[in-house]
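Read the numbers this way: they start at 1 and go in the same order the structure lists the ligands and their atoms.
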Amino acid sequence: MPELQPLKWENNRLILLDQTRLPGRECYLKISDYKDLVAAIKRLAVRGAPAIGIAAAYGTALGALETETDSLRLFKNRLNKVIGTLWRSRPTARNLFWALERQQKIIARGEGISRIREDLIREAVKIHQEQILSDEQISRFGAALLNDGGTILTHCNAGALATGGCGTALGIIKKAFEDGHPIHVMATETRPLLQGARLTAFELKRAGIPFTLITDSMAGTFMRQAKIQAVITGADRIARNGDTANKIGTYTLAVLAKEHGIPFYIAAPTSTLDLSIYSGKEIIIEERSAEEVTSFQGVKSAPKGIKAANPSFDITPHEYITAIVTEKGIVRGQYHTELARQVE
Ligand code: MRU
């Protein structure tokens, strides 16, 4: 079965599969104004660290196509504003800034307007293709960790929908399953926006991989009953020392996994690494609207006028992480030297 395509570049437009409507409806947004893309990123129509990066790279190209001027200076000024707006769309995923930095370099060295437009499109396509290859490599390396099969718990959605390729954490699970290992998945629903229940369950069902959906709060019980053999999640940003930001609830799972002697793996492309920061303390955690906690899809589930907290991500300290899988291989501990070695 072909992978789901969360984003496609077609006739100078970005086509996004609106993930807020899944699994009920497969609706596509046709985006030609970069501001519509910014809104789509903010409301999670496109989401997952690598997919946000790819989308922002295409967004820069959209900004260039929209800008009509004969002045190279004005053109570049306007594109830098486009990049600034995309930059502020979400704060945590490193891939967003990594992709925009690549586009910034193209703008800075460009000497002609039409050439910059072409190069920005070409670079966005390249970033997208690199992610597809990267996912395949991550899946190949990571599947070796699951040779014994068993029940693998994953959190949020780190599949095709989150990356534009076959996925990172979910790519590994799919590859291990395809290789014939006896895999069962436990997918956490992932409060409050249910990326696990809506998106991971959708992908696993489509791929024919046996799985059980659980609520986030059930993980500890199943670990205690020895019903989970490994945990694999994706990442939004990984600091030099291996501390990892990922969907809220990941830290809880990592602590529980350690307590029960279960390996806890992170899977992410090197574009998620942020070697400019030493530890997870420096990662900005997105705080989203309280309404996402007090209601679901427009229906109230808590009394009106109450306070609710909604940090979208948490930090898992590196000592809870058994290994980090990237497209360059598997790093087990010694993250502060070994992660840098993968990219430098
Ligand atoms: O808020 P989201 O849905 O963008 O959060 C996504 C996650 O936390 C994923 O686990 C992470 O981006 C890795 S995706 C391969």
Residue [X] vicinity, atoms of ligand 1 by number, heavy atom under 4.0 Å:
X: D236; answer: 7 (C), 8 (O), 9 (C), 11 (C), 12 (O)
X: A162; answer: 14 (S), 15 (C)
X: T168; answer: 15 (C)
X: T163; answer: 15 (C)
X: R90; answer: 1 (O), 2 (P), 4 (O)

Would you mind checking if E338 and R341 are paired as a salt bridge, meaning a charged N to carboxylate O distance below 4.0 Å? yes

Checking heavy-atom distances from atom 13 (C) of ligand 1 to each of G48, A235, A267, the winner is A235

Of the listed options (Q131, R237, R47), which comes nearest to atom 6 (C) of ligand 1 when hydrogens are ignored and any heavy atom counts? R47

Mind running side-chain contact (heavy atoms from CB on, under 4.5 Å) on Y251 and I315 for me, showing each step along the way? CA-CA 6 Å; Y251 168 59; I315 308 288; over 6 Å; no

Quickly, which of R94, E327, K328 forms a side chain to side chain donor-acceptor pair (under 3.5 Å) with T270? Name it, please.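 So the option named by the test is E327.
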
Does even one non-hydrogen atom of P50 get within less than 4.0 Å of ligand 1?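 P50 counts as a contact of ligand 1 under the 4.0 Å cut-off.
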
Select one of side chain, backbone, both or neither to describe which atoms of Q195 lie under 4.0 Å from any atom of ligand 1, heavy atoms only.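 Q195 to ligand 1: side-chain contact only, backbone stays beyond 4.0 Å.
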
Proximity to ligand 1 by part of T233, non-hydrogen separation under 4.0 Å: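 T233 to ligand 1: no contact under 4.0 Å from either part.
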
State which residue, out of T151, D148, L146, fulfils the side chain to side chain contact (heavy atoms under 4.5 Å, CB included) condition with I183.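 Per the side chain to side chain contact (heavy atoms under 4.5 Å, CB included) rule, the option paired with I183 is L146, out of T151, D148, L146.
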
Can you find a pair of side-chain heavy atoms, one from K247 and one from F313, that are under 4.5 Å apart? yes

Looking at F222, is K227 sitting on its ring face, NZ or CZ under 6.0 Å from the six-membered ring centre and within 45 degrees of the normal?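 Judged by the rule (NZ or CZ under 6.0 Å from the ring centre, within 45° of its axis), K227 is not positioned above F222.
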
